[in-house]
Asker: 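Provided herewith is a single structure, encoded as structure tokens, for subsequent inquiry.
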Number of protein chains: 2
Amino acid sequence: MKKARTTITDIARELNISPSTVSRALNNHPAISKKTRDAVIELAKTLNYQPNLLALNLLRKRTNTIGIIVPEITSSFFSSVINGIQDLLSPLGVNMMISQSNESMEEEKSILRSFASIRVDGFLISPSSETKNFDHLKILTDNNIPLVIFDRDCEGLEVDKVFVDEYSGAFQAVEYLVKTGCRRIAHIAGPLSLSTARHRLKAYKDALALHHVPVKEEYIVESSGFTPEHGIKPTQKLLALPSPPDAVFAINDGVAIGAMYVIKKAGLVIPDEISVVGFDDDPHSCYFSPSLSTVWQPTYELGMLSARILMKRINSNNDLSDIRVEELYPELIVRGSSK
Amino acid sequence: MKKARTTITDIARELNISPSTVSRALNNHPAISKKTRDAVIELAKTLNYQPNLLALNLLRKRTNTIGIIVPEITSSFFSSVINGIQDLLSPLGVNMMISQSNESMEEEKSILRSFASIRVDGFLISPSSETKNFDHLKILTDNNIPLVIFDRDCEGLEVDKVFVDEYSGAFQAVEYLVKTGCRRIAHIAGPLSLSTARHRLKAYKDALALHHVPVKEEYIVESSGFTPEHGIKPTQKLLALPSPPDAVFAINDGVAIGAMYVIKKAGLVIPDEISVVGFDDDPHSCYFSPSLSTVWQPTYELGMLSARILMKRINSNNDLSDIRVEELYPELIVRGSSK
DNA sequence: AATGTTTATGCAAACCTTTGCATAAAAACA
DNA sequence: TGTTTTTATGCAAAGGTTTGCATAAACATT
């Protein structure tokens with residue numbers, strides 16, 4: 001038998017006063033006598049009264065909850081971003097509804113619908129790799145629901161966005177490889193439906209071109225994901241080339257770790273015979289042998305900034321006059337896997 | 001200027017019918033004429049009507065949302081558990097509010113209060129390492145709010161619980177080390193406020209005792225956390241002993257990775273001179289060199305089962321007659337870091 | 001004593017939706 | 001035509017909270 005939770009009316013009935021008085025007493029309204037206030041507060045405590053935010057939210061048309069949709073939660077990248085988001089939101093008393101799209105556009109849409117019905121105050125979304133059509137996101141802005149896109153771009157959608165300057169990060173990495181004498185530099189790209197993967201690929205090509213290193217198509221392979229497993233096959237393909245690469249720039253640390261594994265298995269010495277550079281600075285990367293050179297991304301800051309912009313938008317009543325597009329800067333970290 | 005979202009009353013006014021009729025039309029109530037129903041549904045679509053679940057939840061006293069509190073989200077362990085939780089909940093149309101306690105009891109309490117006010121239907125909690133007093137959890141059960149504890153125990157609290165049999169996992173690991181000839185087996189324990197850490201320590205001692213290997217206090221060191229960084233100092237301490245260990249069993253893979261790093265830096269060969277075994281089977285562990293032997297835990301299943309039990313409890317109106325305590329089985333995975 | 005002022009409280013509406021009950025209109029039947 | 005049945009719709013309450021306005025009681029002022 002489920003006993004109902006204590007409400008403001010329960011307290012009122014017990015004390016023979018009206019619910020309004022109870023409400024005011026609990027909210028420190030000045031026009032309440034000390035006697036009444038004390039009595040109310042005490043009874044509330046003994047009855048373990050907890051305000052029903054559903055009712056209040058309905059009244060205020062505000063839930064103090066924001067919806068977060070990420071492709072996956074298990075990657076160190078996104079979990080670290082979420083960390084940053086929580087650290088900004090928590091002191092503000094704002095809750096997070098989190099869900100993963102598993103890189104599926106259908107799931108993304110369905111989560112979106114669900115969050116919208118719950119009336120979250122705003123959205124923080126990093127779109128799935130399948131998401132090419134932004135109608136579902138457009139509906140949010142059409143309905144004046146604040147939305148901030150982070151990390152992965154939705155080109156053409158006019159909302160606040162926060163990115164890492166992937167181009168710069170990748171450019172630094174490749175340029176550095178060239179400068180340390182590598183000439184046959186390969187790139188294991190990510191799924192090219194992602195803006196991030198495209199930017200890194202472009203930077204790779206541009207950096208090579210700038211330094212007059214020919215761009216060869218056979219040195220560019222695409223991985224279908226971001227785990228070490230996804231790095232195995234592409235690396236095997238690269239090593240099997242007539243003229244195998246003397247450096248590999250991988251889309252992220254996960255794939256780079258897979259690459260190192262294959263390279264070492266093949267009896268090649270890193271970095272003497274082949275350099276490896278990743279992206280993300282996964283917390284484990286510096287403990288590999290050799291430790292993995294990589295491009296650090298300010299993930300925590302990315303989360304914080306995205307959340308801060310979203311909250312500002314929410315509190316300014318979603319006035320869309322000044323859309324912000326912010327870029328954070330990544331940093332090359334040279335370790336043992338490169339010369 | 002924020003335009004209000006479409007409500008059922010807007011549709012009713014527009015169509016000159018009552019809100020009840022609109023509600024019934026949208027819910028396929030039989031006593032509505034086809035003509036009215038069609039008109040309603042069409043208008044709802046063009047106005048992009050989305051039901052306000054706040055109102056409905058208030059009426060139903062049910063939010064279809066559950067609250068999840070974990071110590072941290074960035075560890076592969078907990079993010080994988082959350083993965084399992086979502087995969088069970090999602091098809092049921094249940095949402096997740098997720099928050100991290102950051103191993104702080106105060107934060108845990110405050111998140112709890114917040115989730116309770118939001119009226120989540122139930123809780124899935126893995127307590128922080130600081131949590132020794134369970135009053136705040138007791139309040140939940142006192143108020144008939146379903147709660148499932150997972151992974152870390154709250155001894156004395158009578159609620160549903162789902163664990164991994166840590167003892168068995170650790171015992172397997174240590175016994176295996178003994179059987180491969182190690183005699184000076186060290187243990188880097190986790191924070192001993194955690195039931196999991198205590199169980200593993202006990203298994204370590206018991207396994208040694210069973211095989212008549214003396215338990216030496218200097219071989220037991222405590223780490224204050226679970227990252228590679230937390231493994232550095234304890235390992236240095238172990239290696240500095242007059243008679244350094246020939247095997248290290250670490251509280252988890254993170255710490256084991258830190259240990260391997262220190263050991264290799266010291267010029268010792270793994271596993272010839274010293275074996276290392278971790279716990280958790282972090283996705284990266286098999287790509288280290290040598291690859292890390294570890295104890296795999298069914299994290300995904302842990303999440304699924306916990307969520308399943310919670311949903312059952314919620315749907316059975318929290319009838320507490322049959323508290324369940326479930327245990328899942330871990331498995332030793334032998335790789336290159338041990339003989 | 002009469003009036004004005006302050007203090008403490010209550011009433012009722014609003015937020016949005018569902019649903020039991022009542023009822024009007026239409027259809028079917030005698 | 002009058003009565004019963006069916007069909008389609010509306011009314012009002014409920015869920016818990018806040019808040020503008022009204023008001024009763026207590027106090028202060030002349």
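In this text, all values refer to a predicted model and were calculated from it rather than measured experimentally. Proteins get letters first, then strands, A, B, ... in listed order; numbering begins at 1 in each.
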Asker: Return the nearest nucleotide to the side chain of A/Y49; candidates are C/dG20, D/dT17, D/dT18.
Answerer: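 Closest of the options to the side chain of A/Y49: D/dT17.
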
Asker: Closest to the A/L59 side chain: D/dT18, C/dT17, D/dT9?
Answerer: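 Minimum distance to the A/L59 side chain belongs to D/dT18.
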
Asker: Can you find an N or O donor on one side and an acceptor on the other, under 3.5 Å apart, linking the side chain of B/S18 with the base of D/dC11?
Answerer: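 In this structure, the two groups form no donor-acceptor pair.
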
Asker: The side chain of A/S23 is closest to which nucleotide in this list: D/dT9, C/dT18, D/dT19?
Answerer: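 In terms of side-chain proximity for A/S23, the closest of D/dT9, C/dT18, D/dT19 is D/dT19.
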
Asker: With heavy atoms under 4.0 Å as the rule, sort A/I17 into base, sugar-phosphate or nothing.
Answerer: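 Sugar-phosphate: the residue A/I17, judged by heavy atoms under 4.0 Å, touches backbone atoms but no base.
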
Asker: Is B/N57 touching bases, backbone alone, or none of the nucleic acid, heavy atoms closer than 4.0 Å?
Answerer: nothing

Asker: In degrees rounded to 10°, what angle is found between the helical axes fit to the five outermost pairs at each end of the helix from C/dA1-D/dT30 to C/dA30-D/dT1?
Answerer: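 Here the helix ends are tilted 70° relative to one another.
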
Asker: Which one, D/dA8, C/dA8, C/dT17, comes nearest to the side chain of A/A31?
Answerer: C/dA8

Asker: Which distance, rounded to the nearest 0.5 Å, do you find between the CG of A/L88 and the CG of A/L310?
Answerer: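 If I round to the nearest 0.5 Å, the distance is 9.5 Å.
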
Asker: Whether the side chain of A/S20 and the base of C/dC11 hold a donor-acceptor pair under 3.5 Å is what I'd like checked.
Answerer: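 Indeed, a donor on one side and an acceptor on the other fall under 3.5 Å apart.
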
Asker: In the structure I gave you, are the side-chain heavy atoms of A/F77 and A/L302 within less than 4.5 Å of one another anywhere?
Answerer: yes

Asker: Does D/dT19 have OP1 or OP2 under 4.0 Å away from a side-chain N or O of A/R60?
Answerer: yes

Asker: With the side chain of A/R24 defined as its heavy atoms from C-beta on, choose the nearest nucleotide among D/dC11, C/dA8, D/dT19.
Answerer: D/dT19

Asker: Look at all strands and tell whether A/I8 reaches a base, only sugar-phosphate, or nothing, counting heavy atoms closer than 4.0 Å.
Answerer: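 Contact class for A/I8: sugar-phosphate only.
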
Asker: Quick one: which of D/dT9, D/dG16, D/dG15 gets closest to the side chain of A/N52?
Answerer: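 For A/N52, the side-chain atoms sit closest to D/dG16.
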
Asker: Please determine, for the side chain of B/K61, which listed nucleotide (D/dG16, C/dA8, C/dT18) has the closest atom?
Answerer: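 Looking only at side-chain atoms, B/K61 lies closest to D/dG16.
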
